[in-house]
S.K.: 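First the structure, then my questions, so here it is.
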Amino acid sequence: MLEITVFLCGAICMAVEMVGARLLAPYVGTSAVVWAGVIGVMLAFLACGAWLGGKWADKRLHRRTLAAILAAGGLGCALAAAAGGPAAEAITRRLDNLYAAAVVCSAAVFAVPALFFGMITPYVIRLRLAALADAGATVGRLSALSTAGSIVGTFLGGFVLISWFPSRAILWGMAAALLLLSLAHALGRIWPRVAALLFCLLMAADSLPPSAPARDDTPPPLTESACNSLRIWNDAWMGRAVRLLATDPGHVQSIMALDDPADLCASYTRYYRLGPLLAPQARNILMLGGGAYSVPKWLLANRSGLPDDFRLTVVELDPAMTALARRWFALPDDPRLRIVHEDARTFLRRNTSRHDLVLVDVFTSQYSVPFHMGTVEAARELRRAVSDDGVLLMNVISAASGPDARLLQGIRGALASAFAEVQVYCVGYPDQPSLLQNVMLLALPRKRALPAPDALADAELADMLRSRCTACESGDPTPPLRDDFAPVERYTLKLARKD
């Protein structure tokens, strides 16, 4: 039973770490900064627990004490399930720095369970040791079992649990599993643990989503998938009733007007109108990043001026995002639309088609920067996907000039290594390029003259062309991003604040 306990606790520990990170996602995001905070805090408290468990084993070695440690770990998981979200929300309201918030939130969620997880293996080793002659074999066997359990827990948490169950339900279930292990090691005074076990099972069942989807017009406040924590809510935006989608805290990813689902509400999405302006005969269109499918819906509604017989391929990583777009964001079924659920870079590597228009919208916020889509190597693959007379438009969240523009400069430099011309358009604050904002990059395989703004009848398109920041298009002090060196976390250090 001791070997089974070590294996299962190793699995539960890693599953709790992965699920806990998902629990924090609505408050601090899912960037490398957050994962570094989660892993570092988890290791710190595991180390403290290992030290404490070894000392306890030398002073009071008994199965009842192991049962108490297991029960305490279960109660720590229950505490994370019950109070992890509210605690993270309270912490992030008071801490503006993402790095500090990631560490403090991780400690609030992981401190108690990780401390007791760390105590289990050294305590079990001391229980199992019979003689010094076989101490090495015993320590090696139990350590290997703990590691094997951690491997199983990592795959189980990442591949199965978070794809099928809400984070809180998983944490309640892990708490119940630890309480059950506690009962297996000591039967004395079982009723408090039995009551806690039943309570955790009830809470796990209560945390499960309803079996039947809602039939009213109220979207679920939170949907967890293997890739994202997706929040949807209705609100008012610029005097209109809208539906909003967010995957990172404090930032809206997609907006849909309830009275006109195909309208482009977000200002940066309207800049994709430059694509049909510069490639008016585009018939083969590729969009990397679907989100709530705002731009694809606009294209499919025949508002772009493109020929009606175009074909549109949308590459979206998260199938749950597409399902929500169909259910809550009016994504239509259309024979012209092909959806591929795959990472955009993976798609580009195997892509052999060339497109008249390529639209890239994979940067959802400064919290989560998919650096692998902004490197020199990615730019070469993007260039292969664009026809010689085609157009590429990429949305980036950054400043366009000044000390906070290093992310944009690294991506612009990468595109410039593969395209003949790369232009910069400030979406939010054209007169203040040093401010954080959406920036649209226009990449052309061949240099060509763009329409003069004054010659356009469409005033909005004319204003977009006037928002070009020519001073941001040369002399980038930041080297281009590369697959083997893309320090986006350092480049976005100032951008990760909440002000």
Side-chain angles (χ1 to χ4, degrees), residues 32 227 268 271-272 274-275 278-279 282-291 293 295-296 299 310-319 321-322 337-364 368-398 406-425 439-448 473 476 478-489 491-492:
C227 306
Y268 86 91
Y271 270 70
Y272 285 115
L274 292 173
L278 302 178
R283 282 183 165 82
N284 193 7
I285 306 170
L286 171 66
M287 183 158 194
L288 304 176
Y293 289 76
V295 176
L299 289 167
F310 68 82
R311 291 291 182 269
L312 171 62
T313 298
V314 178
V315 180
E316 167 56 49
L317 176 63
D318 192 353
M321 188 84 77
T322 301
L337 174 64
R338 170 181 171 241
I339 298 175
V340 179
H341 291 123
E342 191 173 27
D343 181 83
R345 184 73 184 276
T346 304
F347 174 87
L348 286 173
R349 279 200 299 270
R350 63 177 180 78
N351 172 65
T352 57
S353 300
R354 307 192 76 186
H355 303 81
D356 307 312
L357 182 57
V358 175
L359 310 175
V360 184
D361 190 15
V362 295
F363 293 80
T364 58
S368 305
V369 178
F371 74 90
H372 62 298
M373 283 301 298
T375 63
V376 169
E377 294 81 358
R380 293 171 186 161
E381 293 167 356
L382 285 168
R383 174 62 187 90
R384 289 197 299 270
V386 183
S387 63
D388 291 340
D389 294 321
V391 173
L392 180 140
L393 287 163
M394 176 185 284
N395 171 52
V396 179
I397 301 175
S398 174
R406 288 181 295 175
L407 175 62
L408 178 74
Q409 292 165 357
I411 296 173
R412 200 207 75 84
L415 288 175
S417 70
F419 288 81
E421 185 172 3
V422 181
Q423 299 177 4
V424 178
Y425 293 84
V439 180
M440 191 64 71
L441 293 175
L442 169 63
L444 301 171
R446 296 175 178 172
K447 288 189 175 182
R448 54 169 155 153
E473 297 174 3
D476 292 340
T478 304
L481 300 183
R482 295 184 176 275
D483 282 351
D484 64 344
F485 186 61
V488 295
E489 285 76 27
Y491 291 168
T492 59

S.K.: Is there side-chain contact between Asn351 and Glu381, with at least one heavy-atom pair below 4.5 Å?
M.R.: no

S.K.: Can you list the residues that meet the side chain to side chain donor-acceptor pair (under 3.5 Å) rule with Tyr425, with sequence neighbours excluded?
M.R.: Gln423

S.K.: Below 4.5 Å, heavy atoms only, C-beta onward: do Leu407 and Phe371 meet side chain to side chain?
M.R.: no

S.K.: Distance from Leu299 atom CG to Leu357 atom CG, nearest 0.5 Å?
M.R.: 7.5 Å

S.K.: Write down the atom of Ala420, the atom of Lys447, and the distance for their closest heavy-atom approach.
M.R.: O-CE, 3.3 Å

S.K.: Closest heavy-atom contact between Met287 and Asp361?
M.R.: CE-CB, 3.8 Å

S.K.: So, for Asp483 and Glu377, which heavy atoms are closest and what is the spacing to 0.1 Å?
M.R.: N-OE1, 3.0 Å

S.K.: Using a 4.5 Å cut-off on heavy atoms from C-beta on, say whether the side chain of Leu441 contacts that of Leu408.
M.R.: yes

S.K.: Which distance, rounded to the nearest 0.5 Å, do you find between the NE2 of His341 and the CG of Asp318?
M.R.: 7.5 Å

S.K.: So do Leu444 and Val391 actually touch side chain to side chain, heavy atoms under 4.5 Å?
M.R.: yes

S.K.: Donor-acceptor check, side chain of Arg345 to backbone of Leu348, threshold 3.5 angstrom: yes or no?
M.R.: no

S.K.: Are any of the side-chain nitrogens in Arg283 or Asp356 under 4.0 Å away from the carboxylate oxygens of its partner?
M.R.: no

S.K.: Which atom pair, heavy atoms only, marks the closest approach of Ile397 to Phe363?
M.R.: CD1-O, 3.7 Å

S.K.: Does any N or O in the side chain of Glu473 come within less than 3.5 Å of the main-chain N or O of Val424, such that one atom is a donor and the other an acceptor?
M.R.: yes

S.K.: For a side-chain hydrogen bond (donor to acceptor under 3.5 Å, both in side chains) check, start with the C-alpha distance between Tyr271 and Asn395, then their side-chain angles and the critical distance, and finish with the verdict.
M.R.: CA-CA 9 Å; Tyr271 270 70; Asn395 171 52; over 6 Å; no

S.K.: Which residue pairs pass the salt bridge (charged side-chain N to carboxylate O under 4.0 Å, His left out) test with at least one member in residues 411-422, sequence neighbours excluded?
M.R.: Arg412-Asp476, Glu421-Arg468

S.K.: Which distance, rounded to the nearest 0.5 Å, do you find between the CG of Leu481 and the CD of Gln409?
M.R.: 10.5 Å

S.K.: Quick one: do Leu442 and Met440 satisfy side chain to side chain contact (heavy atoms under 4.5 Å, CB included)? Show the steps, please.
M.R.: CA-CA 6 Å; Leu442 169 63; Met440 191 64 71; 5.9 Å; no

S.K.: Please report the closest heavy-atom contact between Ala443 and Pro445, naming both atoms and the distance.
M.R.: O-CD, 4.1 Å

S.K.: Looking only at heavy atoms, which two atoms of Met321 and Glu316 are closest? And how far apart?
M.R.: CB-OE2, 3.8 Å

S.K.: Quick one: does Arg354's side chain get under 4.5 Å of Asn284's, heavy atoms only?
M.R.: no

S.K.: Here's a test for you: under side-chain contact (heavy atoms from CB on, under 4.5 Å), which of Leu359, Asp343, Leu382 qualifies with Leu288?
M.R.: Leu382

